[in-house]
Amino acid sequence: MRHVSHLIIYVYHLKKEIVMKKNSKFLIFNMILLIVAFLSASLLSQFKSERAYADQTEETALTKHQKGEDKQNPKRLWCNEHGVYEDECYICHPELFPEGNTIRDPKRLWCNEHSVYEDECFICRPGLKSNKSEEQSAGLYCKEHEVFESECGICHPELSNSLSIGQGLKIRLESPESAVKAGIITNVLSRGETMPRFTVLSRVIYNQNRFAHITSLASGIFQKVLVDVGAFVSEDEVLVEIASPDVARIKAEYLTALTNKKLKKLVFEREERLFNKKVASQHEYQRARAEYEIAKNNTNTTRQQLLNFGLSEDEIQEIEKTQTSTSVLPIRASFSGTIVERHAVVGEFVKPGNVIFSLVDLSTMWLELSIPENNLPFFKVGDKVEASFNKEYGINKIQGFITWLASNIDEESRMLKGRAVVKNPGAFLKHGMFGEVQLLSQNYSKKINVPAKSVQRLDGRNFVFIKLSDDLFEARRVETGESDKENIEIFKGLSPLDELVVDGSFTLKSELLKSKFGEGCAH
Amino acid sequence: MNKIIEFSLKNRIYIILFFIICFGYGVRTIFRIPVDAFPDTTPIQVQINTVAPNLNPSEIEQQITLPIELSISGLPGLINVRSISKFGLSQIVVTFNDETDIYNSRQFISERIGSVELPADIDRPKLGPISTGLGEVFHYIIRSTNPERTLDELRTLHDWVIKPELSKVPGVAEVNSWGGYVRQYQVIVSPESLVKHNLTLESIFKSLEQNNHNVGGGRIVSAGQSLLVHGLGRVTTVKEIENITIKAHKGSPVRIKDVAEVAIGHEIRRGAVTANGKGEVVMGLGFALMGENSKKVTQGLKESLKNVRKSLPDDVMAEIVYDRTGLIQDVIKTVKHNLIYGAILVIIVLFLILYNYRAGLLVAMVIPFSMLFAIMGMHELSIAASLLSLGAIDFGIIVDGSVVMTEANLRKLREKQGLLKRTLTSTERQQCIIESGKGVIRPIIFGVGIIILVFVPILTLEGIEGKMFKPMAWTFIFAMAGALGIAVFLSPILSYYFLPGKIRIKEGFLERWLRTGYDFLLPQVIRLKYVLFGTVLTLLFVSVFVGLRLGGEFIPRLNEGTIAISTIRLAGVSIEEAVDYNSKIERLLLEAFPDEIRHVWSRVGTAEVATDPMGIELTDVFITLNPKGRWKLAKTQAQLARSIDEKLSDLPGVNMVFTQPIEMRLNEMISGIRSDIGIKIYGDNFEELVSLSSKVQNTLMKIRGASDVAAEQITGQPTLKIKVHQDQIARYGIPARDVLDMVESVGTRHVGDIFEGQRRFSLVVRLQDKHRTDINTLANTLIPTEHGHLLPLKKLAEIEETDSPSTINREWGRRLIKIQCNVRERDVASFVQEARHKIENEIELPEGYVIEWGGQFEHLERSKTRFMIVVPITLMLIFAMLCFSLKNLYDVLIIYTGIPFAFIGGIFALLSRGLPFSVSAAIGFIALSGIAVLNGQILISTIHNLKEEGLLLKDAVSTAARQRLIPVIATAVTDAVGFLPMAISTGVGAEVQRPLATVVIGGVITSTILTLFILPTLYITTGKQRFVS
């Protein structure tokens, strides 16, 4: 199909070509026809050849002229782009520009703003326009736009690629009224104390330092569950009672050991008295003493076992007092907090280490931050942050501090994990909530905030437009920082005294790139 | 042939009856004939528009334009296929040759594109309205005084209330909406909440698609009664959409409202309209069907709009800003002016020369009769009454035959009366008329026949010039045929009845003066014959020289009485920016020209049905004007356009071209090039094309006369390229679709339709604004995947800000770039010759790249080629006719001398008025060649008659010359004055005929001098030798 269509095009062109050559002059043909009817054709042909000759001479003159221009000095480098010798090409080599590298005349005032002598600065003194500066830099001055060729943005928009931050190109508008007509509005900047806000994603999690899983050390059956999920418990409050044969056994053992200890103690005391009276043998005395020590030890060991099950001293004393060896084991809260999870059901068997409850102190929460790589330098441990959440949560902004930043970047998401602690009054924050965290930093406040619509992008670089005079503007490359919906901050390239174009910057960008427009054409 | 007069005199009742019937029929057709401003020059064209709201130009080209182009190749009658791929829109324009029936070709195309496979989620291609370049007859704007009313509501009102009403008007091809917001139900997803619920975008698309259907369930029959089963699952409100469940997690459903906000928003806009500096409005455009009476259609639309106003809310106003009736009325005024003044002038001249009011009236009667004949013919061929058909009739030429006939009759009657010295009897009168008729009938038939004949080759013209001048040629042919019939059949009868019984023997004073002068001059001229020949030859040379120096122009610009400014901005401008700026321009204009401008409105981008696929960077500003009487700052439209240009020229950031609505539309449709010259470079590689185009531009700019040299802005669309990293997605096992879903949702992803009663709106999914406005946020957007990975977009794709093509143009399946250029202070033809030569020499084309020349000049070139064939054929036809008539080669050659001599006058007339050579002038020359031989023929045939009567050569010549002085002068002067109003008219649309009329007037003057002086001299000088030998 493609081949066929190509063929059609070729044939079509060929046909056109032939037709074009044939009908060079319709009028000539027309006249020839008439005159042949009446007159000899020779006169006309003579006339025609004369014309042709005239054309020819004109043409040769032209080519000669061109050839003369093309003769170049082979020893000097030629700038093909701009059609002058490289060492004369001030567009490629602005450092060669006369004003730029010569030592300044100390007797003349220097205009720092526009880098020319004050008496040549037609920007500051429009009255000087087209006098000296034009003559001095003859071929380099853009007469159409009345700026230096190397600064003329309209003639050389491509120069915008080589500008460094803070440099700019001039844009001369058609007339002083142009800007007003186009609705270009400028504003003198004022240095503002600004609070750049970096926003990162965050997730609310429990403060892991105040989070506990309540477990039992003994196996047994839940006998009584005293609290439920959501209950607030204070420290050492009994949460659940477990009927544990182990506990009962140890208790019994303990009581036995106690009794045994008492007995052995009596034996020992008696033997000691007898020994002192030299009634008993040393052998017997020593045996009684050893047995007493063993019994004491045994008591201590079982007592420790009871303690290990979570029984308190009081409870042990209670056991001693009551001499009961019930199997009930109370489990207590390790700190005051809220029960957030419960696995205990009465009658269920529990093994040591099984989580019975999760207990958490909700007075503070952690925010888990995911910080993009490019924002890393701005985040530090101890920085103040402000967390905000979806509206429907009904939570106001909450402030807190960064307490930890990870030492590694997450391999998959290319983000740095961080942590901030925030207070959680009324326990509004829930584990797993998503939110945003903004960094409230004092460190980067000396910057200029400009309306976001005043910054234009050109080949991926940022530009703002500065008004120099009624019809002269400058497109200046700047470095930008963070932005929100309305404002964008400028790190570098703007002076607070500049008159910034806040409305109509696209119009100026268009004017700068006017050479790329083309005619309005639909197809 | 001689018997014709005898026959008609004998059957005069029947003949009169026949003409009366014709008259009645003609009067009847007057009221049926369509009326239009200009002849329609649009070729047979079908537009295929495909809308894909989110796709960028290269994807549009690849996925839509290319397959459609391939599918339509090889249709019968196809002469051109060109296409344009823009953001969100593909348009293919298929042009057929003029013989093709538009309805057939549309049928063919529909069949072909029905089988084209296109991406699933875009609309099917649609054919553009069956309309022409003249079809855009009606613009109105919908605005509201209530600031609360949104553009969305206005657009909805227009689309669902006004539009259906206007579409009912007979002859309306399409009512198009432009601007406003098209309502759309949007599900605005926040990527964070997707992460939260571990959902993918895909699952949202799916749930929305699956939860929005109605079905039919056949019917249930029970106990003899059947119930229809109707399953309803369509969502209709925002609330219902919000409650659609995406998935259930442990018994708790996740609904749309948990992850997204549902809102009524608007579609991505491709166009907007602002009016009178008061901000955005909604605009409606009415298109007339091809071949319809646009005056009627416009009036119908106007009335319909008036009716529909009643059903609109009180604060909503529908205001007509442009309608074609105004222009048509203006043109009709021009036509009337031309015809009425032409007729009056012709009649006055007739009275003066014939010096007999009855004879004058008798001849003048031909005018309405031939008009009716012309109208009958036009009706048969469905030619609209327009400036170039009816408006181009020259009554002077039409009356020629009757003038000659009546004058001969009058003379004979007078002679006879003088001889008999009494009033003639009716038999004698009859006899007289038969006799005198016999003498002139042959030259009349052949003379008028030749004039008819020279218009025949014009019928073979092609393209715009054909469409423009064929109606004129037909009209002329019909009118002339009618006039010939009257001259031959009716004039003798009328002479018989109405010429006075008692004729004053005395000649009219004018006749006497002329005769005296001629009697004095002719012998002098014959004596100084060699001086005369010398002068003539010199003049001939000078005119050839001058003719070569005359500029070339295709067709003169028609004045429409409305100004359009097509403006262009930087590619990538936002609608809001463009709208703002346009309002500023409008306010500026209204402030500066409060008395002159009636309405001013601007159209940005494209309409709903993209009849002209403009990008957002293109705006057409329309200006309608108040009646000239109220103007204060300018006198003519050209002057006004100049001062508007001055006012706007210093606006930064925008380029403007001044044109007119119809002109703009025609240019777009015909070649797609609005400038004088368009150079097309074909090739495949975009960069290569751009570099070639800059070379060509540089070359062009160096040529004298070049202005507004510019390449089309086809690049420079800032683009955010998001390229999926194949190895990354492979590592995480994520399908590219997951990433691309996210990219797609930056725009909108269509997932179904929502019905509000009968009104249907689309339901789309898109991301939150912050992810669509800031590149960084977008880059860091987390992509939820089925496997639960959470990865930012930039990890999976390369994100890059680049420039990309804003428009991709193709012609005959190849990419091309166009360079436009206007020519100032120089004629286009010579400029093109020089430019072509230079470009051929200086620029080397890579293999497979082709340069082609087009634009306005293209038509000039084509018409020249055609004229090269047409003109010789015309001359040969005349020659053949003359040979047939005179049966004497020598006489034919003598008469033939009239042609070059007439041309001298034509050329000098053009020169003196500073008009360039154009198609219009060429037609004038063709007509002139017919007119020029008429008089010569009359003279020569008289000489023949006299010689047969036995007179000597010299006596025969001078007697014949004196005898035929009056008819020759009468026909010549009527020819000239008939065209006079046309030549000097300044009315709307008079520009086209001005060169034609000028050429004819100039040519007639010189050819009359030739007939009266040089022809006899030449005849005597050369004829003698022949007789001696």
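Protein chains get the first letters and strands the later ones, always in sequence-line order, with residue 1 at the start of each.
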How many angstroms lie between [atom1] in [X] and [atom2] in [Y], if you round to the nearest 0.5 Å?
X	Y	atom1	atom2	value
B/Glu577	A/Lys509	CD	NZ	10.0 Å
A/Leu512	B/Leu570	CG	CG	9.0 Å
A/Glu511	B/Asn655	CD	CG	8.0 Å
A/Phe434	B/His197	CZ	NE2	9.5 Å
B/Asp580	A/Asp503	CG	CG	7.5 Å

Next item on the list: Identify which of A/Gly432, A/Gly183, A/Ser370 forms the greatest number of heavy-atom pairs closer than 4.5 Å to chain B.
Entry: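 Among the listed options, the one with the most contacts to chain B is A/Gly183.
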Next item on the list: Could you tell me which of B/Pro718, B/Ser574, B/Gly615, B/Ser649 has the largest number of non-hydrogen atom pairs under 4.5 Å with chain A?
Entry: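 Looking at each of B/Pro718, B/Ser574, B/Gly615, B/Ser649 in turn, B/Ser649 comes out on top.
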Next item on the list: Can you see which heavy atom on A/Ala182 is nearest to which on B/Leu651, and at what distance?
Entry: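 That closest heavy-atom pairing would be N-CD2, 4.0 Å.
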Item checked: Closest approach of B/Lys647 to A/Lys181 (non-hydrogen atoms, all atoms of both residues) ->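 Scanning both residues completely, I find the closest heavy atoms to be O-NZ, 2.6 Å.
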Next item on the list: Under 4.5 Å heavy-atom distance to chain B, tell me which part of A/Arg457 shows up: side chain, backbone, both or neither.
Entry: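 It is the side chain, since no backbone atom gets that close.
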Next item on the list: Side chain from CB out, backbone as N, CA, C, O: work out which of these in A/Leu173 comes under 4.5 Å of a heavy atom of chain B, or both, or neither.
Entry: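 For A/Leu173, side-chain heavy atoms alone lie under 4.5 Å from chain B.
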Margin query: Among residues at least two apart in sequence or on other chains, which ones pass salt bridge (charged side-chain N to carboxylate O under 4.0 Å, His left out) with B/Arg587?
Written below: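 Here no residue qualifies.
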Check: Are the side chain of A/Thr507 and the backbone of B/Gly653 linked by a donor-acceptor contact shorter than 3.5 Å?
Finding: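 Looks like no, no N/O pair under 3.5 Å.
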Notebook entry, point to check: Between B/Val573 and chain A, which part of the residue has a heavy atom less than 4.5 Å away: side chain, backbone, both or neither?
Noted result: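 Both backbone and side chain.
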Margin query: A/His431: which residues meet the ring-ring contact (aromatic ring centres under 6.0 Å, His included) condition with it, sequence neighbours left out?
Written below: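 A/His431: ring-ring contact (aromatic ring centres under 6.0 Å, His included) contacts with A/Tyr206.
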